[in-house]
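For reference, the structure discussed in these notes is given below.
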Amino acid sequence: MRSIRLYRWIFATILLLSSSGVIVKAQEVYSQIVGAISIDLPAASDIVLSFPFKQSAQYRGMIESVSDDGTVHIVVAADSLTIGAFDANSGVATHYVVIESGTQMGTHVEIGSNTGSQISLSEGSATGLQNGDEIAVYPHWTLGSAFPNGVANHEETEPGLREIEVIVPEGTAPEGNMIPEEVFFFFDGAWRGVGYGYLNLDLMVLEPNRAFVIRNNNASDAKKALFFGEVIDAPIAITLTESDVYSADNFVGLNRPLGIAIKDLGLTPGGVFEETTDTNNKKDMLLVYSSGSGKNKHMSPAGSYYYFNGAWRELATGDATDKGSDVIDPGMGIAIRKFKVDSNPQDSSWVNQWELPPQ
Amino acid sequence: MKMKNLIIFGAALLVTTSGALGSFGVSVDLGSLQDELGDPLVEKGMLYLVSGGADGVFSLPEAGAIIDPGSDDAIVESWDLTAEPSEGGEYIVGSGEVSFSGLAEGNELAIIWFPNLTQGNQLPADGEAYGFYRSAAGGGGDAWMVPTDGTLLHSLKFFTGASNPLVSSSDVPALISAASFAAGQDATPPVINIAGLTAGEPNPGTATFSWTGSTAVGGGFSIERRLQGENDWSELGSVGNLVTSFDDSSIGRGKNYEYRLTAVNGFGSETTAAQSIETLRSTLANIATRGVLGSGDQGLILGFVIKGTGPIDILTRAQGPELGKLISAPTAIDPQMTLVETDWTSGSPVNVEIQTNDDWGDTQLAEIKELFDPATFAQPNTEDASLDAGMALSLDGTRLFTVVVTDKGDANGLAIVEVFDKSRQSVPNDLQNRLVNVATRGFVGTGDERLIAGFIVDGQVDSKLLLRGLGPSMGIDGTIVDPKITLFRTDFTQPGFPQIEVAVNDNWEDAANSGEIAAISQEVGATELPTGSKDAILLVDAVPGLYSFVMEGVGATTGIGLVEVFLAD
């Protein structure tokens, strides 16, 4: 069961008056839309999740120029930034840029540092970036900012016998596997991690658009995870990886606050999701996981979708049933299984475009 | 995710027989690691998670090999503890990716820890010290077995406080529950010696154990006890591996205990055979009550309870003429007695007359004489043909009897009614038959006509006795309204053998130990007394000796009273 609340504030027209008698402008100002979602964590369950929101943008503007000296530098309006506000911390990015228009539309790129008018990226490419492209800068979600008092405000009493774990799987794993990259838990007032001793991990970054798992080890008590933040209706681009060794499960998620029908994901047509032409030899798959009880959901997805004969199909219902209207619930992580290629595996960029429905 | 410290160790994905690329993640809560002395070892050594393979048998490390290369065991994962931060000296280590290749679901897992190996030197030398730990029960985490292929996270846990799963024979106590350095040695069976409880020594006291010939390197010893005949063992305590003795200060009187010792460490456990001891108990050798042998409700009624198994020889007497030879006050002329058993087998009491006697020499002269001193404390009657009454009883089982005494001569004189236990010279335990309760009902007068019970605690150790003087709560007419009891002990060390006052009570609830009195009363099956009752009770630890128990009315009041003595241990 989920609940969603969206707030839209339309601020009143503001009259800017000048004592010097200059022209008076009228301006309509919109705040960003914020929301919150509560997601059930049933007893003895793994819930595959992704953040349905971002933190509030700390900058919005347009690219005025781009340069690349090995590091991509984006110049924005003069003195529009606080110097060093987006600097990486000990080599770990604290903020990222989202390119909201242009050929790199939806791309998320880590920031290395910034001056008052320039953002230097720690990754990415200048290719295709143009003056006038819209950008926004967001802080990363961290364990401490996303779950300041632990998931469901739960604090462990025994760190070796954890009741609630945030398990971050590797972004890509061989078909049917989900490999834990990190295991976090809230203990003694802060986030801790397996293999980290007593280190405070409140600032540990959780990447946008990547799926993670909240495991509720309690066999009898359900919990609720609360997500909140800014609604993103700009395009989102997600990199998908393939392999020539195995079919690769990419564990991803969209920062979207409402359910999205599979046909609206933007996976097909367009090349990032290989269409199945022979149902005995299926190509790419979209894996959707149950929100119910049970652990190790990746081993038995609730829905395994493929694109065949111009429509979305699902393994359980067969090749003739259009399942494109099946909805992925907000906040749920998914997997895109890129089938094994014979050679020369390539990354691809899945761009999801989405709008809030009319009210 | 942006991770500054990835904890993955590089097990490569391998193709399993099914063609899939199997893997699982694992985390292990190790708790603290200690050396054989119990000192913590932090950031030291290499840790290996190993599988016992299909045969379920772990090969132990040998020179040059963590596991026997000829076995089907496998190293599942390893950690360099010098690179693993601990949390207050306790480790939780994890691995992101463990190849399922070479493993099978259900294979048992264990941890081998080499304190002196390093990332650069992972070949054990001959005699290399190591610790070996495994858990069948999971310690509150997942089972120590290879999980299903593809399991996201398999969390292994050691040493969960109260339910330590290290061995199956019993929970390992907290003392042993840190993962200790076992130096590659299994626990070997100890030889248990129990000292301090040889027959003849006073008790209750402390049983002192010692053991030899055992090693439990990196572990310790668990001491357990049970009563003979019981199935379940109770743990008395535990000690570390360097300790070789233990004191059991909770032994009770007259018990047949069995003890065993378990040496336990990370390899397993070794348990000794049970060794039995018997603790001593003193007996109630007799009770003799002197009172007025009136008619009707004012007769003397003696009750006694035997408890245990096996035979018990009892002598019971009612002395009038014989008493008259010792005192000047009027005594009963011709006592007669009837033995009645109260049978509870039907669920409600049924009184069955067992035996009667008028003159003791008539029918059981020889049998009764056999029970005179020294067989019991009964002094021989001076005349075989006297009008005193007596019975020799051979009884068994746990049973309740009542001896009703009347005076055919209706002299309303003093008499003494007695019961003696012939088994006084033995060392009875819970299974041996004994007198556990004696009681006499009679008229409580004043002066010489006070109700006086004498009894002997016979043996080598003290006994806990519950002494009751009841009146108001007896539930019959004519009872004494406010009895008071005084316990005297005859001091045979002083000239003239004076009687020393041991304790006195008027109203039982005023006693400092009234709470214990209530509890003990319930344990021994004494009738419950109403709150505010004016009955008198004493609870005493009575050393062996001769006691007098005087019941009288406060303010020289009189009436029917009941004196009771319970053996309360």
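Lettering follows sequence order; numbering is per chain, from 1.
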Using only heavy-atom distances, determine whether the side chains of E207(A) and Y96(A) contain a donor-acceptor pair under 3.5 Å. no
Whatever's closer than 4.5 Å to a heavy atom in chain B on F187(A) counts as side chain
When the 4.5 angstrom heavy-atom criterion is applied to T151(B) and chain A, the contacting part is both
Chain B shares the most heavy-atom pairs under 4.5 Å, among P159(A), G91(A), G193(A), G171(A), with P159(A)
Going by distance alone, is a donor N or O of one side chain under 3.5 Å from an acceptor N or O of the other, for D244(A) and S343(A)? no
Ranking K295(A), K297(A), M178(A) by heavy-atom pairs under 4.5 Å to chain B gives rank one to M178(A)
**Prompt:** Going through the checks in order, is the salt bridge (Lys or Arg N to Asp or Glu O under 4.0 Å) test met by R337(A) and D249(A)?
**Reply:** CA-CA 4 Å; R337(A) 177 171 295 167; D249(A) 288 351; 2.5 Å; yes
Applying a strict 4.5 Å limit to non-hydrogen atoms, the region of R192(A) in contact with chain B is neither
Partner of F212(A) under ring pair (Phe, Tyr, Trp, His ring centres under 6.0 Å), picked from F251(A), F51(A), W141(A), is F51(A)
Honestly, the part of D46(A) sitting under 4.5 Å from a heavy atom of chain B is side chain
**Report entry** N216(A) and K223(A): side chain donor to acceptor below 3.5 Å
**Finding:** no
